[in-house]
Peer 1: 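Take a look at the following structure, please.
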Amino acid sequence: MQEILKVEKLSFSYDSDYELLNSIDFTLKRGEKVALLGANGTGKSTLMKLMMGLLTPISGQMYLFPSLENENNESDPIGLQNVKEIRKQIGYVFQNAEDQLFCASVFEDVAFGLRNYRNPKGDKLSAEDIEGRVLKALEEVEASHLMDRVPFKLSGGEKRAVAIATVLSMQPRIILMDEPSTALDPYSRRNLIHLLKKLSQTLLITTHDLEMTLEVCDRVMVINQGKIVAEGHPVEILSNPTILDQNRLEMPYSLRG
Amino acid sequence: MSKLVNALFNLREIDELCMNENWFSMQKPVFKLLAVFIFLIMVSTVPKYGLSQMLYFTIFPIVILIASGLPVKPFIRKMVLPSFLAIGIGLINPFLDVNQFYLTRQIVISAGWISFFTLWLKSLVCVGMTLLLVATTEIDAIGDGLLQMKVPKLFVSIFVMTYRMIVVLVDELERGLTAYLLRSNGKVALNFSNWGSFVGQWFIRTADRGERLHHAMLLRGFEETVIHETKPFQSMDVVKLMVFILALMSIRILL
Ligand SMILES: Nc1ncnc2c1ncn2[C@@H]1O[C@H](COP(=O)(O)OP(=O)(O)OP(=O)(O)O)[C@@H](O)[C@H]1O
Ligand SMILES: [Mg+2]
């Protein structure tokens, strides 16, 4: 499989005397579904914000490799300085869905990004295209019935579904999801798992839901003290007692014999 | 306290009203903006004793409110506070201005009362029209309208952002208060000694959340400008606007 994204020696700190992320390296391959695990406060959300250009690293770089059949026939990788292109190609579902919604209706919220979208020639999407994509995205997260509601007044789980739809509607090549399964009831969580399995995009998911990790992901990375300390197949990592112990993890029930 | 805040700025309720399709909300945002703008200018130039003109102007928001099919009760509730404020401001007039004013040849009252009522109606009518505009036009549409009127983009995006920030501000205030009251041993109001830290926290949380919302907007292609499809202003709109202006002018000049 071909690389789609590469993070190289990325370092970051919120205050100068403590380096939260210390020279992080990893790659994502096309279509791969990767889980980023780690204890609370190890910097998973921070890493995602860096990747979206919402925070600026102290040092290091990220490369996003263009698709083979891209419209401009470009082959140079895109760096973090090209924030606009990064944000077009990578979607990010916030840890707190509430922060992601800001319009007067669910429909408008999902449509917001589409209305701002321009293809390389500078054309907007037509109103029909926008409506079609909004409806499809809402359907995928089973939230079509919420279309006319006010996002502020939705339940936590409903907000999460809509937040995911806002990202899906943009059809990004890579999706970063920050703890997508928290606060979901078992049925909605099951839906989410189905959706994640079905998506063809490259996925990077931070989560404490290890059963979901086993079901959805092809690979696991564990972050601790600013570094990726373990990496491998989910079953292999999640059944290794030393790794589990050092990273405040617990063996999922389905792996206990 | 929380109820007062709600009644005052329940912008979410207003946001919800925007979603009701009705006759007034279907008008183009630029048309509505221009119409309300002109209306406000006309009203504010009504002279001090122009009570009869003001009575005619008062008809406009009432007719729009009824014709638009918006729920009347929430509207009236929102008007209560501004009307008291306006009373407070205008009430010195009757005492300062003791000229005689002949209503008819027999009935004489202090001119101060006339100017008081004129001022009071002026503020009510202005607040009412603005509320109607906000309640029937989504904030983005108002932004579009401003852009079409050639207001600079930077100003428009600040305006739109501010509006969203107010929503967040109120929301955080509500949450903070709820969290405080749940742990305040049954007291129903905020203790004086807690005010400082409470207000500080409120601002920090609001700024924080505002920043995250701004991030969310940036991630979805928001570039400090509001971009929407806009329906162009057509000759029909010009005609409607002309009729409206003519009606306003005739009240101002003929009466
Ligand atoms: N804006 C900020 N300013 C200062 N410190 C911050 C800020 N945001 C996060 N931190 C700190 O950075 C550390 C990592 O935070 P981050 O949110 O990235 O953790 P996380 O791995 O996502 O944790 P969780 O699993 O709880 O979501 C925490 O110790 C947090 O207190
Ligand atoms: Mg996090």
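Just so we're on the same page: letters track the sequence lines, and every chain starts at 1. All values below come from the heavy atoms of this structure, side chains included, with hydrogens, waters and symmetry mates left out. Fair warning: this is a prediction, and the values are worked out from it, not measured in the lab.
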Peer 1: How far does CG of B/Leu218 sit from NZ of A/Lys84, to the nearest 0.5 angstrom?
Peer 2: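 If I round to the nearest 0.5 Å, the distance is 12.0 Å.
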Peer 1: Nearest heavy-atom pair of B/Ala216 and A/Asp99: which atoms, and what distance?
Peer 2: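 Closest pair (atom of B/Ala216, atom of A/Asp99, distance): CB-O, 3.4 Å.
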Peer 1: Does A/Asp109 offer a backbone N or O that forms a donor-acceptor pair with the side chain of B/Arg220 under 3.5 Å?
Peer 2: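 Yes, B/Arg220 side chain to A/Asp109 backbone: donor-acceptor pair under 3.5 Å.
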Peer 1: Could you list the donor-acceptor pairs under 3.5 angstrom formed between side-chain atoms of residues 47-65 of chain A and any protein atom two or more places apart in sequence or on another chain?
Peer 2:
from	atom 1	to	atom 2	distance (Å)
A/Gln61	OE1	A/Leu80	N	3.1
A/Gln61	NE2	A/Gln81	OE1	3.1

Peer 1: Is it the case that over 12 heavy atoms from other parts of the model lie below 6.0 angstrom from the NZ atom of B/Lys240?
Peer 2: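 Yes, because the 6.0 Å sphere around NZ of B/Lys240 holds more than 12 heavy atoms from other groups.
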Peer 1: When rounded to the nearest 0.5 angstrom, what is the spacing between CZ in A/Phe94 and NE2 in B/His215?
Peer 2: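 Spacing of CZ (A/Phe94) from NE2 (B/His215) equals 7.5 Å.
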Peer 1: Got a second to check how far A/Phe102's CZ is from B/His214's NE2, nearest 0.5 Å?
Peer 2: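 It comes to 10.0 Å.
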